[in-house]
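Comments concern the structure below.
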Amino acid sequence: MLVILRRDDEEIGRQAAQLIASAVRKKPALALGLATGGTMVGVYKHLVGLHKQGSLDFSRVTTFNLDEYLGLPAAHPRSFHHFMRENFFAHVNVDSRNIHIPDGTIHGNYDQYCTSYEAAIRKAGGIDLQLLGIGRNGHIGFNEPTSSIGSRTRLKVLSRETMDDNSKFFAPGEESPRCAITMGIGTILEARKILLLATGEAKSAAVAKSIEGPITSAVSASALQLHADVTFIIDDAAASQLSQRDYYHRVLEMTALLTPDRLS
Ligand code: GLP
């Protein structure tokens with residue numbers, strides 16, 4: 001596990017975009033796992049910037065989003081479909097046939113739909129690089145606390161805390177969704193490489209538990225300790241409860257010296 005410490009969300013966005021861009025340049029037909037949320041806005045801004053400068057081509061990339069709210073059609077302004085279109089897909093050249101985002105409008109037969117989402121990932125050869133945010137309760141995707149570490153794509157009931165966090169994005173009086181379709185922790189762990197981004201003090205407890213705590217289904221992101229190639233990119237505020245910060249800084253210095261391609 002590599003922990004990249006950066007000053008603020010601007011630096012986080014730039015660093016993550018740089019790593020994604022080099023993965024696409026190395027493998028133009030990359031299968032890229034994507035995430036939503038405020039933390040990701042800067043990443044997409046930088047990726048769009050690189051594309052507009054002519055230095056990044058997404059024409060052969062295939063994407064798989066982590067999750068979508070159940071009950072929200074793609075056109076709903078709070079859907080993750082909408083978020084992805086506004087922040088990324090409308091501005092780059094990902095072929096629309098290669099974009100996969102769970103469908104929030106399915107009714108019944110959820111298992112069949114989720115199995116087909118997993119099959120599409122397999123058909124693409126598996127996810128090469130998965131981008132992740134983290135919830136205050138340590139969730140990745142919408143894998144709420146107590147999600148099993150082997151879980152696959154499925155319908156998930158959202159926790160009260162997550163519903164409260166999400167309610168600020170919905171109009172007053174508009175109920176925020178109670179369920180979502182999300183990739184499972186087991187699905188996420190099969191990605192060849194994982195990048196988790198976190199910014200701000202509100203994420204500091206979840207970040208510390210994920211990196212330095214025991215592996216437990218009570219903190220979904222702690223399962224990432226089982227993965228061989230995970231990079232956390234976090235700002236000073238999100239890193240504030242880590243006890244080994246000095247060590248991570250020293251590792252970063254040595255990484256820059258010995259294996260600089262891990263950082264760019
Ligand atoms: C939602 C998404 C997660 C994301 C989290 C954090 O819960 N399902 O994938 O990590 O939001 O969002 P933010 O970056 O806005 O804090």
Side-chain angles (χ1 to χ4, degrees), residues 6 8-13 15-17 32-46 63-72 76-84 86-88 100-104 114 117 127 129-147 151 153-170 176-185 187-189 191 194-207 209-211 219-224 230-235 237-240:
R6 293 287 179 251
D8 52 28
D9 59 346
E10 174 61 24
E11 286 191 10
I12 300 284
Q15 172 78 73
L32 183 58
L34 295 175
T36 53
T39 316
M40 300 300 148
V41 171
V43 183
Y44 294 129
K45 184 188 84 181
H46 284 286
T63 66
F64 291 93
N65 264 79
L66 282 168
D67 47 13
E68 178 58 286
Y69 291 119
L70 190 70
L72 297 197
H76 191 288
R78 295 297 158 220
S79 72
F80 290 165
H81 278 76
H82 185 268
F83 175 98
M84 289 308 302
E86 293 292 301
N87 286 285
F88 189 52
H100 304 82
I101 307 176
D103 181 358
C114 293
Y117 200 72
I127 292 172
L129 175 61
Q130 178 66 55
L131 188 59
L132 295 177
I134 185 169
R136 276 193 307 136
N137 60 7
H139 73 210
I140 46 178
F142 269 132
N143 292 284
E144 298 289 37
T146 74
S147 288
S151 52
T153 302
R154 68 211 183 291
L155 176 68
K156 192 74 194 160
V157 176
L158 302 181
S159 69
R160 241 328 129 209
E161 190 177 19
T162 297
M163 285 180 62
D164 288 348
D165 283 351
N166 295 339
S167 62
K168 61 177 178 285
F169 298 112
F170 288 80
S176 75
R178 283 182 276 187
C179 295
I181 304 287
T182 181
M183 277 187 207
I185 299 175
T187 321
I188 292 169
L189 289 176
I194 296 176
L195 282 187
L196 186 146
L197 275 44
T199 60
E201 164 74 40
K203 303 288 176 69
S204 60
V207 164
K209 286 181 199 160
S210 306
I211 298 176
V219 183
S220 296
S222 69
L224 299 175
V230 177
T231 301
F232 277 75
I233 310 179
I234 51 185
D235 71 358
S240 58

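Just follow the structure's listing: the first ligand is 1, and inside any ligand the first atom is 1. The structure displayed is predicted, hence computed values, not measured ones.
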Below 3.5 Å, N or O to N or O, backbone or side chain included: is there any such pair between [X] and ligand 1?
X      : value
Gly38  : yes
Thr36  : no
Gly141 : yes

Return the residue, atom name and 0.1 Å-rounded distance of the protein heavy atom closest to [atom].
atom                    : value
atom 5 (C) of ligand 1  : His139 NE2, 3.9 Å
atom 16 (O) of ligand 1 : Lys203 NZ, 2.6 Å
atom 12 (O) of ligand 1 : Gly37 CA, 3.8 Å
atom 8 (N) of ligand 1  : Asp67 OD2, 2.7 Å

- [ ] For the residue pair Thr187 and Arg154, confirm or rule out a side-chain donor-acceptor distance under 3.5 Å.
- [x]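 Checked: Thr187/Arg154 side chains show no N/O donor-acceptor pair below 3.5 Å.
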
TODO: Establish, from distance only, whether the side-chain atoms of His46 and Glu10 form a donor-acceptor pair under 3.5 Å.
DONE: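 Checked: His46/Glu10 side chains pair up, N/O donor to acceptor below 3.5 Å.
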
Task: Option of least heavy-atom distance to atom 6 (C) of ligand 1 (set: Thr39, Ile134, Leu66) - done: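 The option holding the nearest heavy atom is Ile134.
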
Open item on the list: Under a 3.5 Å distance rule, please check whether Asp9 uses its side chain to pair with a backbone N or O of Ile12 as donor and acceptor.
Closed with: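 Side chain of Asp9 to backbone of Ile12: no pair is present.
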
Open item on the list: If we ignore hydrogens and angles and just use 3.5 Å, is the side chain of Glu68 paired with the main-chain N or O of Phe80 as donor and acceptor?
Closed with: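 Yes.
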
TODO: Measure up the Phe64 and Tyr117 rings against each other and bin them: parallel (under 30°), tilted (30 to 60°), perpendicular (over 60°).
DONE: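 Rings of Phe64 and Tyr117: perpendicular, as their planes differ by over 60°.
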
Task: Closest non-hydrogen atom pair, Gly184 against Asn143 - done: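 Heavy atoms of Gly184 and Asn143 come nearest at CA-OD1, 3.6 Å.
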
TODO: Heavy atoms only: give me the nearest Asn65-Thr36 pair and the separation to one decimal.
DONE: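 Here Asn65 and Thr36 meet closest at ND2-CG2, 3.9 Å.
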
Task: Those atoms of ligand 1 less than 4.0 Å from some heavy atom in Gly133 - done: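 With Gly133 as reference, the close atoms of ligand 1 come out as 10 (O).
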
- [ ] Answer with yes or no whether Thr162 contacts ligand 1, where contact means a heavy atom under 4.0 Å from a ligand atom.
- [x]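 Under 4.0 Å: no for Thr162.
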
